[in-house]
Structures are given as structure tokens and as C-alpha cells.
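Structure record follows, encoded as C-alpha cells.
Everything quoted here is computed from the prediction, not taken from an experiment.
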Amino acid sequence: MRIETSGLRSVTALSTAAVALVLGISEAAAGTGAPSPWEYSMQGMVTEVGRDLSTFHTYLVWLITAICVFVLALILIIVARFNEKKNPTPSRTTHNTLLEVVWTIVPVLILVAIAIPSFRLLRLQLVTPPADMVVKVTGYAWYWGYEYPADQGGGFKFDSNMVETKDLKPGHPKLLTVDNEMVVPVNKVVKVQVTAADVLHSFAMPSFGVKIDAIPGRLNESWFKAEQEGVYHGQCSELCGNGHPYMPITIRVVSEQQYAAWLADAKKKYASIDVSAPIKLANAQ
């Protein structure tokens, strides 16, 4: 079973436009890569996982709405037809076999209708396709570190800290701008290996449909394939301490030529990883 994404997306567009018209909200639709004032929907998605995630969310909203409307209609019918004035002598019926079979089977069918597309989406998220590149992401208290492995043309790592409000340039969003961005090429499968150095963090990029926990001593992984160039903002999504609101994530998606140029500059800008140095082990005694 596969959700017809084009149909659902069309319905979503029409419904959200109607809501915006009724509420008189001019900037109701969420932007791509960053939150927008008065947004009522998910951010614009630039990955396959993100689009499927948004479509599944819309599907669930409509399903839940239909269930709520149906239950409300039943309650109103019961109130209207079975109140004390119309039924001074209440019925003493205790069982109805057909009704009991229906209200058992219908919820099961609803759960199946939710489970099948959700399992497909989970498989898409968790089964990483062959990666074009790997970036190791480490959460610190309270900033992010990115490492590009040497065997893929990198061999360097750097920290990414939030830019203070007083240092922001025009057009840079507050609490979302960083000094060093994670840079990746467009239309390439990027595997992100995520861990933490101190406490629990969570690496989240809404427009990519990516959210994965960063756990000390454990290496989690996720992936994305951004299909549109641009700058995309996210944040730590785990309550990790008093610096939690100041852990933005910024990913810049560029062309292959721009990425090659950035990679060459980054090797000079950031200290290289000494891959030849021997690993020292602690003495257990």
C-alpha cells in the first residue's frame, strides 16, 4: 500500500489556503529551511524522506479529523434522540452482536491503514542507501562539531557555534545563524553519523525530515539527499541543559563545483586530523 502523494499534496495545498483565507493570515504557510511567522504547517521539504513525512502527517490529520467528526456526530445524535424528554423509559438493551463486531473491526482497519504507510516510511528513513559522503556530527554542551573524513577528501573537523544577536548581519535569522556551516553538495546521499560528547542532544533538520538523537558513547546514523541548493536551519531538539536554545544547526547545500572549492578552502582553514598518529589506550591497572 502506498499513499498517493500527489493527491494528498493537492488536498493539503487547498486546505491550508482555505485556512489562511478564513483566518486572514498572510504568512501562514511555513517556509523552506527556516520557520516563518504564523506558520501552521510543516516546513517545505527538499528531500524524499521529508516529502513523504509531510504527506503522511497530512494523511493522519485528515484521518483523525474524520474520526473526530464521526464521533461528534454520534454524540449529537444520541443527545438529540435519547434524551430524557424523548425517552422517559430508557431501553434496557445490553448487547448488539453486529454493532460489537463493527466497532471492533473498524478500529483494526484504521490501525492497518496507519501502520502500512508508516512502516514504509520507517524503512525509507532507516535503510541508508549507498552514501556519496559521510559527515560525523558531535553534540557538545552547547554547540556542534562536524568532521569530514580524510578518505573522502576531507581530513578536518570544526566547531559550529551560534552567532550572537549583536554580531548578526542583515538577513541572518536570530538564534539560527552559526559561524561555521556544515556544507554538502546537492543531489548527493549524505550519511550523518551522530554522537554526543557529554549529555543527550538531538540533531534535527526539519526541511530534510531528519531528527536523530546524539547519545554519548553511541554512534547513531541517518541520511538525507537534498535536492535543492540553499541554506537550511535546524536546532537541537533534546532538552540538554541551559544552553539548549543556543545550539542551532545550519547546513548549506551547494553545487558540486562550489563544494569542491569549499573543501579546498576548508582544508586550509581548519586544522587537519593527524590520521597517522598512534592511538593511545588507557592503562586498565
Side-chain angles (χ1 to χ4, degrees), residues 5-6 9 12 29-36 39 41-58 120-139 144-149 152-154 156-158 160 162 171-173 176-195 201-214 220-237 247-266:
T5 56
S6 59
R9 288 171 189 154
T12 304
T32 299
S36 303
E39 68 178 46
S41 60
M42 300 179 74
Q43 290 185 20
M45 299 296 180
V46 296
T47 67
E48 180 186 2
V49 172
R51 286 192 297 271
D52 284 4
L53 187 66
S54 180
T55 301
F56 184 57
H57 171 266
T58 303
R120 177 193 166 275
L121 180 56
L122 280 173
R123 183 180 183 279
L124 182 62
Q125 289 177 311
L126 298 177
V127 179
T128 305
D132 296 306
M133 62 176 293
V134 178
V135 179
K136 183 179 179 181
V137 181
T138 305
W144 294 96
Y146 302 102
E147 181 177 330
Y148 289 69
Q152 296 183 14
F156 59 86
K157 58 183 177 181
F158 58 88
S160 179
M162 187 190 75
H172 288 186
L176 293 176
T177 303
V178 299
D179 54 0
N180 294 312
E181 303 166 337
M182 173 180 167
V183 180
V184 298
V186 69
N187 289 321
K188 296 294 183 181
V189 176
V190 180
K191 179 192 290 187
V192 284
Q193 296 179 332
V194 183
T195 188
H201 300 284
S202 185
F203 184 83
M205 183 55 62
S207 285
F208 293 177
V210 171
K211 183 179 183 296
I212 186 166
D213 289 341
N220 289 334
E221 69 176 33
S222 185
W223 70 280
F224 63 85
K225 180 182 178 182
E227 301 169 359
Q228 181 178 320
E229 295 182 29
V231 179
Y232 302 93
H233 299 282
Q235 287 179 305
C236 175
S237 295
M247 284 188 66
I249 302 163
T250 300
I251 299 179
R252 182 178 294 273
V253 181
V254 298
S255 66
E256 290 189 54
Q257 294 77 11
Q258 289 174 319
Y259 177 72
W262 174 85
L263 201 61
D265 290 338

Which distance, rounded to the nearest 0.5 Å, do you find between the [atom1] of [X] and the [atom2] of [Y]?
X: Thr138; Y: Lys157; atom1: OG1; atom2: NZ; value: 8.0 Å
X: Trp262; Y: Arg252; atom1: CH2; atom2: CZ; value: 11.0 Å
X: Phe208; Y: Leu53; atom1: CZ; atom2: CG; value: 14.0 Å
X: Glu221; Y: Phe203; atom1: CD; atom2: CZ; value: 13.5 Å
X: Asn187; Y: Glu256; atom1: CG; atom2: CD; value: 8.5 Å

Quick one: does [X]'s side chain get under 4.5 Å of [Y]'s, heavy atoms only?
X: Met182; Y: Tyr232; result: no
X: Thr250; Y: Thr177; result: no
X: Thr195; Y: Lys136; result: yes
X: Pro35; Y: Gln43; result: yes
X: Asp213; Y: Asn220; result: yes
X: Ser202; Y: Lys211; result: yes
X: Phe224; Y: Val49; result: no

Specify the closest pair of heavy atoms between [X] and [Y], including all atoms of both residues, with the distance to one decimal.
X: Gly33; Y: Ser207; value: N-OG, 2.8 Å
X: Pro129; Y: Val189; value: CG-CG1, 3.8 Å
X: Arg51; Y: Met45; value: N-CB, 3.6 Å
X: Tyr148; Y: Met133; value: CE2-CE, 3.8 Å
X: Val210; Y: Ser222; value: CG1-OG, 3.9 Å
X: Glu48; Y: Glu227; value: N-OE2, 4.0 Å

With distance as the sole test, does [X] use its side chain to make a donor-acceptor pair with the main-chain N or O of [Y] at under 3.5 Å?
X: Thr47; Y: Lys225; answer: no
X: Gln152; Y: Pro149; answer: no
X: Trp223; Y: Gln125; answer: yes

Worksheet entry | Gln193 vs Val134, side chain to side chain contact (heavy atoms under 4.5 Å, CB included): CA-CA, chis, key distance, verdict | CA-CA 7 Å; Gln193 296 179 332; Val134 178; 3.9 Å; yes
Discussion item. Given Ile249, which partner from the list Gln235, Met205, His233 fulfils the side-chain contact (heavy atoms from CB on, under 4.5 Å) test?
Written reply: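 Only one of Gln235, Met205, His233 forms a side-chain contact (heavy atoms from CB on, under 4.5 Å) with Ile249, namely Met205.
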Item to complete: Take His201 and Val194, measure what side chain to side chain contact (heavy atoms under 4.5 Å, CB included) needs, and give me the verdict at the end.
Response: CA-CA 10 Å; His201 300 284; Val194 183; over 6 Å; no
Worksheet entry | Step-by-step side chain to side chain contact (heavy atoms under 4.5 Å, CB included) determination, Val253 to Gln228 | CA-CA 7 Å; Val253 181; Gln228 181 178 320; over 6 Å; no
Worksheet entry | Trace of the side chain to side chain contact (heavy atoms under 4.5 Å, CB included) decision for Asn180 with Tyr146 | CA-CA 9 Å; Asn180 294 312; Tyr146 302 102; over 6 Å; no
Discussion item. Are there over 12 heavy-atom neighbours, none belonging to Glu229, within less than 6.0 Å of that residue's CD?
Written reply: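 Enclosed: over 12 neighbouring heavy atoms sit under 6.0 Å from CD of Glu229.
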